[in-house]
Number of protein chains: 2
Amino acid sequence: MATISDVAARAGVSTATVSRALNGKSTVDRDLVARVRKAAVELGYQPNGPARNLRRQEAAVVALIISDVENPFFTAIARGVEDVAHEVGYSVVLCNSDESAEKENRYIDIAIQERVAGVILSPSGTTTSVAKLATRGTAYVAVDRPLPGHDSDVVLVDTRLAARQATAHLVAQGYDRIGCITGPSGVRTADDRLAGYRDALRSAKRRTPKLVRRTEYKAAGAHRAALDLLSQAEPPDALLIANSAMAVGVLQALQELEIRPGRDVGLVAFDDAPWAELVDPPLSVVAQPAYEIGAVAARLLLARIADSSRPPTTTTLGARLLERASSRGPEDRR
Amino acid sequence: MATISDVAARAGVSTATVSRALNGKSTVDRDLVARVRKAAVELGYQPNGPARNLRRQEAAVVALIISDVENPFFTAIARGVEDVAHEVGYSVVLCNSDESAEKENRYIDIAIQERVAGVILSPSGTTTSVAKLATRGTAYVAVDRPLPGHDSDVVLVDTRLAARQATAHLVAQGYDRIGCITGPSGVRTADDRLAGYRDALRSAKRRTPKLVRRTEYKAAGAHRAALDLLSQAEPPDALLIANSAMAVGVLQALQELEIRPGRDVGLVAFDDAPWAELVDPPLSVVAQPAYEIGAVAARLLLARIADSSRPPTTTTLGARLLERASSRGPEDRR
DNA sequence: GTGAAAGCGCTAACAC
DNA sequence: GTGTTAGCGCTTTCAC
């Protein structure tokens, strides 16, 4: 594979000139630039990334570590990050931590080893592996979930408020026994959504013992949770569901139990999945600004790469409740 | 940041011994290994990736370039690739080419520059940027779509046969005017699905002029195509749809036109999305073995990295038609 | 404006 | 089994 020396030889200049001509940093004579470019093309020269990064002590790459590649919420974040990063010449590599602290830790190590310029991550939980980034001075920003005990840039959604509003909406629609299926304890978004749910019920002076289930943020867990909740002596007549994968599990459970969503049980789920309007009845959702989360996070990261001394910021974006037919009120009340 | 020399100094050995102890290549005295490990931990030593890769002339990384991060088919492939690659100590970086030949080309350049061990990609089309990989001797394998004119490892699905079977199923169910909404011309899967559709109609001696639409592999395009097809004087009474994002667009269009899926128009779509059983009526689909595609591709890539002289292979996996209510036959026939 | 040369941190001959 | 050392390909002083 052609090296910078090959190009230099072919263009009849030194390697320093080739480097300068190709990177456009220092000024180089017009003719020489042309000659170097020509030689580079002829040889099919591609700069050696590791050599460049070794020398520069940093790669123009940002790592994006997300908890679930199969969750549209996170892939939308990825697009936001990519669009902003590409504009300024950074590449984005996506890593899937799969909600596992161990994989997250592994990817953080890799990011450090590869000397990426920065890391954006949705932290799996109470892990401290992020401390390594801070220690080494690698720029990073957290999305979706804060880092407990770390004073870093973070981009969040006011998910507690959103959960509260969604639950209040269910109350206003006349549902009486409102349940909640949320993610694992310790995962901040899961805790916040539960807290918002409780806020709303408290305001409405409702008591709802035994109507909360916590499970992994996946369809299978929510499916079990829904079966469990709905086969109780006093089942819920409405459910707040903490993400769209879980909504799939709940809808499956309802199908199996022949309980009609929106008629027998009111439903509001987090995340506006593309299919939410296609189920019968259309699913009410809390739409989160995922793309924007990614875009904002990328901008913050770039700012921090440029100036590591900026004070850390917390950006909180709002979510929107989209009321559709699955939360139109219990049948006997319509 | 601590370097290998720092570790060597602290452990009272040479850098070579540190390298050997940490990589476990050559045999090193037990005590020394322990001392080196201890020193490394105490210093929080993380090897410098670029330096290592520069020296080794290759990184233990495989790049996975997929056409659409938001398509569950491709993210499932990603999981297959990751699981296999991680088992043998390779990292996977995901790159989203977004169906754009230009981005694909850009990521291929980056992969070459970073000297990754190999590349797995779903080629956007008739691009020749892959030739660079071949020229440089970087291992690569194509998934989902073959590389025209390149004799490489490739993992495909027999999508033409699957389309044929799906269409034959619609014929058997009594649909009369079967249409097809497929991807852009030149994208092999789109062409193959159309060809399979035509195979089936030919066998059944049907004529179906004007019932084919081609558009980007996205909801919006399919939405327009469906509106167009269904507002014709003689609209189709069934549709074969080439992927799940498109199915979303078609179902939206049916909703707007108040045409009942499965009753007024029979439907079969490619890709078994998690929500396919949740729409009303449940959507018949062609389930592709996405995870397995990724796993097989990763194994082929590893084999090629190990031995670049192996003859290229083509692996073709089968798809499964899942008959659900959306293709149960026209209403007047039930 | 251009070239010579040092050196980023690591691994792998090679010598002992 | 361990140390010495060359060198991977690039960028960047430092001279001129």
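Small disclaimer: the values here were computed from a predicted structure and weren't measured. A note on names: the letters A, B, ... follow the listed sequences, proteins ahead of strands, and every chain is numbered from 1.
- Taken from SG in B:C95 to CG in A:L94, the straight-line distance is 8.5 Å, to the nearest 0.5 Å.
- Think of the region where chain B sits on DNA chain D: with heavy atoms and a 4.0 Å cut, that region ends 5' and 3' at D:dG1 to D:dG9.
- Smallest separation of non-hydrogen atoms from B:P146 and B:P123: O-CG, 4.1 Å.
- When each of B:R55 and A:Y45 is assigned the nucleotide of DNA chain D bearing its nearest heavy atom, the one mapping closer to the 5' terminus is B:R55.
- Sorted by first and then second residue, the salt bridge (charged side-chain N to carboxylate O under 4.0 Å, His left out) pairs with a member in residues 52-73 of chain A read A:D68-B:R79, A:E70-B:R79; sequence neighbours excluded.
- The bend of the helix from C:dG1-D:dC16 to C:dC16-D:dG1, defined by the angle between the axes of its first five and last five pairs, stands at 30° to the nearest 10°.
- Using modelled atom types and a 3.5 Å distance limit, the side chains of A:D307 and A:S309 yield a donor-acceptor pair.
- The CD atom of B:Q46 sits 11 Å away from the P atom of C:dC10 (whole-angstrom rounding).
- Side-chain atoms of B:E99 and B:S124 include no donor-acceptor pair closer than 3.5 Å.
- Remark: C1' of C:dC10 and CD of A:Q113 are 13 Å apart, rounded to the nearest angstrom.
- DNA chain C is contacted by B:A16, B:S19, B:R20, B:N23 of residues 7-29 of chain B, taking any non-hydrogen atom closer than 4.0 Å.
- Residues forming a side chain to side chain donor-acceptor pair (under 3.5 Å) with B:T189 (at least two apart in sequence, or on another chain): B:Y217.
- Heavy atoms of B:P47 sit under 4.0 angstrom from primed sugar atoms or phosphate atoms, though from no base atom.
- Checking side-chain atoms of A:N53 against main-chain N and O of A:G49 turns up a donor-acceptor pair under 3.5 Å.
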Next on the checklist: Test side-chain hydrogen bond (donor to acceptor under 3.5 Å, both in side chains) on A:E82 and B:N96; report intermediate values, then the result.
Outcome noted: CA-CA 9 Å; A:E82 276 183 343; B:N96 178 30; 3.3 Å; yes
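- For the pair A:L32 CG and C:dG3 C1', the interatomic distance rounds to 12 Å; values are reported in whole Å.
- We find that CD of A:E58 is positioned 18 Å from P of C:dC8, with the value rounded to whole Å.
- Taking side-chain N and O atoms only, A:Q57 has no distance below 4.0 Å to OP1 or OP2 of C:dG7.
- Partners of B:R304 according to the side chain to side chain donor-acceptor pair (under 3.5 Å) rule, which considers only residues two or more places apart in sequence or in another chain, are B:D153.
- Atom CZ in A:R35 sits roughly 13 Å away from atom C1' in C:dG1 (whole-Å rounding).
- For the residue pair B:Q46 and A:D109, a side-chain donor N or O sits within less than 3.5 Å of a side-chain acceptor on the partner.
- If you measure from atom CG of A:N48 to atom C1' of C:dG9, you get 14 Å, rounded to the nearest angstrom.
- A donor-acceptor contact closer than 3.5 angstrom is absent between the side chains of B:S97 and B:S67.
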